[in-house]
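Chain A is the first sequence line, chain B the second, and so forth, proteins listed ahead of strands; every chain is numbered from 1.
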Protein chains: 2
Amino acid sequence: MDTLPSPEQIRDAAARIAPHARVTPVLRSAALDALVGAELYFKCEHLQRGGAFKFRGACNAVWALSDEQAAHGVVTHSSGNHGNALALAAATRGIAAHVVVPEGAVRAKVEAIERAGAILHRCAPNQMAREAMAAEVQRATGAIMVHPYADTRVMAGQGTLALELLQQVDGLSALITPIGGGGLASGVAIAAHAIDPALSLFGAEPQGADDAAQSLAQHARVTTVVPDTVCDGLRALVGERNLDALRTHRVDVITVSDAETIAAMQLLWSELKQVVEVSSATVLAAILKQRERFAGHRVGVVLTGGNVDLGALPW
Amino acid sequence: MDTLPSPEQIRDAAARIAPHARVTPVLRSAALDALVGAELYFKCEHLQRGGAFKFRGACNAVWALSDEQAAHGVVTHSSGNHGNALALAAATRGIAAHVVVPEGAVRAKVEAIERAGAILHRCAPNQMAREAMAAEVQRATGAIMVHPYADTRVMAGQGTLALELLQQVDGLSALITPIGGGGLASGVAIAAHAIDPALSLFGAEPQGADDAAQSLAQHARVTTVVPDTVCDGLRALVGERNLDALRTHRVDVITVSDAETIAAMQLLWSELKQVVEVSSATVLAAILKQRERFAGHRVGVVLTGGNVDLGALPW
């Protein structure tokens with residue numbers, strides 16, 4: 001279930017989710033363009049249903065199920081946006097969603113998952129506990145597992161974002177997304193290169209969770225990184241297949257400190273006037289850090305989510 | 001110079017500012033729609049150049065000048081967004097902008113005015129001192145006065161927003177804007193009713209600066225209100241002609257407390273994911289306060305600005 005999707009599977013996903021997902025706007029800022037010396041096209045997935053791009057993958061997974069499969073519901077483990085997305089997607093098909101939530105997840109995100117009608121299962125905040133609890137729910141209910149990123153249907157759904165962006169903006173020469181588990185980056189890479197193989201692809205990763213950067217440098221998946229970053233959406237280890245896609249499509253990973261990301265988040269709020277969550281700001285932080293590589297380019301910049309505790313801002 | 005603009009003058013203004021102003025997007029939120037039981041179409045003027053609708057009026061005023069007039073530059077008094085807008089508009093024509101800024105204005109706004117290249121003139125924070133200083137600059141430089149709201153060209157420019165919104169969204173039955181000096185509300189009322197005389201028009205006013213509501217109730221312009229509200233953009237007294245327009249077009253003014261406005265601002269940030277300034281949130285506060293009047297309607301909601309000190313949020 002976690003082989004990489006083909007471009008055709010991504011196009012199928014786009015048709016499958018069209019009745020449910022939003023076509024998100026692309027916004028620009030003269031001030032941010034001037035700061036970088038580039039044309040930045042911000043793809044606003046924080047304005048997607050559920051406030052994150054995750055709805056695309058979850059929706060594709062839910063609607064790709066047969067009726068018989070769907071009847072048992074779906075299950076996942078997620079610290080936030082994917083859980084919420086799966087709950088919303090399940091609701092569009094009228095089936096149950098079980099979401100395993102680690103202790104310490106962002107309050108606003110957990111509340112949103114509950115509001116979306118999911119059945120919550122709490123667990124310890126580590127990968128092993130998450131997977132064990134999800135497997136347990138799967139055994140007990142027969143629910144279909146929809147992994148946050150190591151899932152063909154999910155990667156295909158996330159890839160639809162690139163099809164949409166390349167339709168909205170002509171002549172992009174570069175594209176950058178954040179990298180957590182790599183579901184977004186891999187889906188986007190496959191979709192974007194199917195349309196324009198010359199497009200330069202970049203990923204932004206927190207220095208405190210830089211397993212993708214390390215894995216690419218060492219030509220082997222590094223699983224020893226203990227995430228330590230304010231970017232709650234990017235703490236997952238990159239998946240095996242996802243990493244393959246990053247390698248095949250020569251995705252250049254730029255790592256950024258939490259301080260750089262927080263400064264970029266403030267710029268996105270004050271200049272672009274968009275409420276994006278901290279993980280989403282890694283992309284602008286990476287562009288500002290390696291400005292000379294982006295200057296003169298027309299860059300697609302994916303803003304991944306906007307689910308924020310307004311009472312607990314990171315500055 | 002402060003007669004009300006005709007619908008034709010507003011259409012002329014739309015053509016005049018088209019090369020310089022942005023067509024701002026309209027955004028929606030399923031959560032906010034559900035909260036009100038209406039379809040809310042948020043017109044995002046915080047994404048206009050300069051971060052506020054004010055650029056429309058300032059730009060129209062600047063480009064309506066003859067070359068001879070323009071050579072002397074322009075002057076205004078403004079606590080923030082209009083000053084910034086006039087500076088930006090003057091820059092599009094390569095002429096000088098003098099801006100009289102009262103002490104105590106929002107720091108982020110004053111900095112933006114300076115960045116936009118205006119010549120600043122500071123004065124005491126009251127209407128009389130503002131007008132005296134502006135008159136003095138006018139005498140000394142020959143600059144043309146562009147009043148923030150009691151100016152035909154400015155009202156016409158603000159009205160272009162309604163033309164644009166009614167082109168973007170079909171079948172609106174109601175439209176609401178904040179009310180400060182009334183430049184926006186009067187321009188929008190004239191433009192909107194020229195297209196659809198059946199449209200219900202609403203204004204939102206802070207209880208601590210409710211001179212428009214009092215003036216309409218007493219059938220005479222009330223000038224004794226001493227503004228006391230967190231909404232820094234809505235402290236001006238409504239102009240004489242602006243009030244005429246509110247009366248003629250039966251604009252229904254709803255007053256809201258600062259607490260209601262701040263709560264609405266948080267909803268706009270967390271649900272619509274837009275960084276809007278506190279004055280902009282009066283409209284959602286008014287809708288939530290008199291929900292039953294908006295339920296079932298398709299409502300245009302004007303978000304007027306997004307210039308915020310992120311270090312000094314009102315909650």
Inter-residue atom distance A:L27.CG - B:T24.OG1, 0.5 Å rounding: 11.0 Å

Residues from residues 81-89 of chain A approaching chain B under 4.5 Å (heavy atoms): none

Chain B contact residues among residues 38-64 of chain A, heavy-atom distance under 4.5 Å: A:H46, A:L47, A:G51

Segment of B:L313 engaging chain A (4.5 angstrom heavy-atom cut-off): side chain

Neighbour count >12 (heavy atoms, 6.0 Å) for atom CD, B:E111: yes

More than 12 heavy atoms from other groups under 6.0 Å of CD on B:E103: yes

Where A:W315 and B:L310 come nearest, the two heavy atoms and their spacing: NE1-O, 3.7 Å

pair B:K273-A:N307: side-chain heavy atoms closer than 4.5 Å: yes

Partner chain A: residue of B:S29, B:G306, B:G311 with the largest heavy-atom pair count (under 4.5 Å): B:G306

